[in-house]
S.K.: 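Below: one structure in structure tokens.
Below, read A as the first sequence line, B as the second, and so on, with proteins coming before strands; counting in each chain starts at 1.
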There are 2 protein chains.
Amino acid sequence: MWRVPVLDVCYSVSAGLERYAAMTVISERIDRCRICAIRHQAVCGALSDHEIQALSAVARQRVLKAGDVIQNAEDEVSSFANIVSGVVKLSKVLSDGRQQIVGLQFPPDFLGRAYRTRSPFYAEAATDVELCVFPKRSFEALMADQPELESRLFQNTLDELDAARDWMLLLGRKSAAEKVASFLALIARRKAPALCEHMPADTLLTITLPLTRAEIADYLGLTIETVSRQIGNLRAADILETGANRTITVLDYDGLAEAAQL
Amino acid sequence: MWRVPVLDVCYSVSAGLERYAAMTVISERIDRCRICAIRHQAVCGALSDHEIQALSAVARQRVLKAGDVIQNAEDEVSSFANIVSGVVKLSKVLSDGRQQIVGLQFPPDFLGRAYRTRSPFYAEAATDVELCVFPKRSFEALMADQPELESRLFQNTLDELDAARDWMLLLGRKSAAEKVASFLALIARRKAPALCEHMPADTLLTITLPLTRAEIADYLGLTIETVSRQIGNLRAADILETGANRTITVLDYDGLAEAAQL
DNA sequence: CGTTATGTTGATAGCCGTCAACATACGTGG
DNA sequence: CCACGTATGTTGACGGCTATCAACATAACG
């Protein structure tokens, strides 16, 4: 009655990872962080040029394809990572297969948890993903004599906690229509925060959803059929248009926000 | 159609607080932390005897009655606190009055948030509550030269994040019966963790629920009627008995855990 | 003892889940 | 480039779970 979670996906990244490592020469490594796209937003922004070289030396790029597993629930976790590009979903599963996505992580979010050795959830690449992976030990050593780094991680965690609690309100108290509108508004804001603040009358905001209908349903506590119908309703209300390839075009962000009860 | 949140409760604590302060003499203050019941579990456990005296000097005891407001959403927050006794509920409210409890805090949990000046939710005493309140500044100063203190706070936040995500699974994917059983199991575990681990055949575990039916409903994303009916079902299944004064007696904890899909 | 808050129980309705059939997109191999 | 099979998405019919409305019971409190 419930879709069984795909827990048997192999760690198919290792091949691609080794290829990358083989191509990488030492000099590139040391400089990699300096030219990193998320250098200043990510937690590593707390580090000086000197420190970041130390981190750079032990960092590994890891390229994942949509659907690749990052960690299984209860896995021993021996590394931390920054999301450089793509979207990662964190989910929990009941013994009978019912599933709930408990977090969506975007760049430059941090993956992995200080003070814990086991992951409390299952993590998977929702889209193609680039990670910047650090060995847990090296990172913790750096954290020990760089309190600012721990502070950044702490603040990141506080943001996640706020997001989780906002989502609890959605899961517990919003209708299916409000849930779907809330999700679409969330993705739209990620894509173009400025546009959503004040959207000129005849602007088109086209976004590609990072999740399938099944994943949206698992994020919102709904079924795929209900998600599909609610998106249909929003289309009928001229709030958005749908295209191929998981793209939607938001015609009326204010209408969307209103439908979401934001 | 939805119960309107009680946001107009006055800060009726101040009277009680001032009375307490008047009774307190300096010598008591300095020693108060040393004899504190939650001294070693709370975040202050990170501090040396010397440091804790400094904290002790600026700490204030605050006694609240059930229903007293601790902070309104969007309030400027100028203090931190430890919960010494009682239960505090954190909740979020939609513009039309729909309400969701996003956190239940027990001793020795910490209230208040580093790196933020405004509360993202509404906090209220669910039962009579004793708080140990610190001015934000003093506490932050102590945090600045005691990294261990920040680490403790960080770990506390990580635990809250885990709890929030567990609750997301409940809100999004569990049935009403499972939700109510999960809540009762949660409270039972708080009250007597050891008993719940392994419960001898003819043991009675009696607990007083810290929440009214309306609050339980707001915690579980249900209505009061549904909560009442589900408790009735558990009684009919001989899993528990109900008494006056919000007490319930768990007859079969394993049955409760099973009904909760734990 | 009266009044109000809280909790219980029943009848009914509606939202959303379930089941089913179909449509479309995607990827692979010819 | 096209054919095929699979994954994903849509739409309809129906039913069940839980919200709603209502009446009543019990507890709490002055």
S.K.: Should the pair B:F183 and B:Y219 be assigned to parallel (<30°), tilted (30 to 60°) or perpendicular (>60°) ring geometry?
M.R.: perpendicular

S.K.: To the nearest 0.5 angstrom, please state how far the CG atom of A:L240 sits from the CG atom of A:L204.
M.R.: 12.0 Å

S.K.: Name every residue in residues 174-190 of chain A that has at least one heavy atom under 4.0 Å from any atom of DNA chain C, in order of residue number, or write none if there are no such residues.
M.R.: A:S175, A:A176

S.K.: So, does the side chain of B:R229 form a donor-acceptor pair with the base of C:dG10 at under 3.5 Å?
M.R.: yes

S.K.: Starting at CD1 of B:I248, measure out to CD of B:E241 and round the result to the nearest 0.5 Å.
M.R.: 10.5 Å

S.K.: If only side-chain N and O atoms of B:T226 are considered, is one of them under 4.0 Å from the OP1 or OP2 phosphate oxygen of D:dA19?
M.R.: yes

S.K.: Measuring from A:R173:CZ to A:M168:CE, what's the distance to the nearest 0.5 Å?
M.R.: 11.5 Å

S.K.: Take atom NZ of B:K65 and atom P of C:dA5, then tell me their distance rounded to the nearest Å.
M.R.: 16 Å

S.K.: For the side chain of A:E225, starting at C-beta, report the closest nucleotide among D:dT10, C:dC19, D:dT8.
M.R.: C:dC19

S.K.: How sharply is the helix from C:dC1-D:dG30 to C:dG30-D:dC1 bent, taking the axes over five pairs at either end and rounding to 10 degrees?
M.R.: 50°

S.K.: Describe the nucleic acid contact of A:G243 in one word from base, sugar-phosphate, nothing, applying a heavy-atom distance below 4.0 Å.
M.R.: nothing

S.K.: Atom CG of B:D218 to atom P of C:dG7: distance rounded to whole Å?
M.R.: 12 Å

S.K.: Donor-acceptor pair, A:K191 side chain versus A:T208 backbone, under 3.5 Å?
M.R.: no

S.K.: Would you call A:E76 and A:R118 a salt bridge, using N to O less than 4.0 angstrom?
M.R.: yes

S.K.: If you round to the nearest 0.5 Å, how far is CD of B:E197 from CZ of B:R189?
M.R.: 9.5 Å

S.K.: Check whether any side-chain N or O of A:N245 sits under 4.0 Å from OP1 or OP2 of C:dT24, and answer yes or no.
M.R.: no

S.K.: Just compare D:dT8, D:dT20, C:dG7 and give me whichever is closest to any side-chain atom of B:S228.
M.R.: C:dG7

S.K.: Given that B:R246 and A:A244 both sit by DNA chain C, which one's nearest nucleotide is further toward the 5' end?
M.R.: B:R246

S.K.: For the pair made of CD1 in A:I248 and P in D:dT10, what is the distance, rounded to whole Å?
M.R.: 11 Å

S.K.: So, does B:R213 get its side chain near the phosphate of C:dT8, meaning an N or O under 4.0 Å from OP1 or OP2?
M.R.: yes

S.K.: Could you tell me whether A:R62 and A:D68 have a side-chain N and a carboxylate O separated by less than 4.0 Å?
M.R.: no

S.K.: Could you check how far CG of A:L222 sits from P of D:dG9, rounded to whole Å?
M.R.: 15 Å

S.K.: Less than 4.0 angstrom from a charged side-chain N to a carboxylate O is my criterion; do B:R113 and B:E160 meet it?
M.R.: no

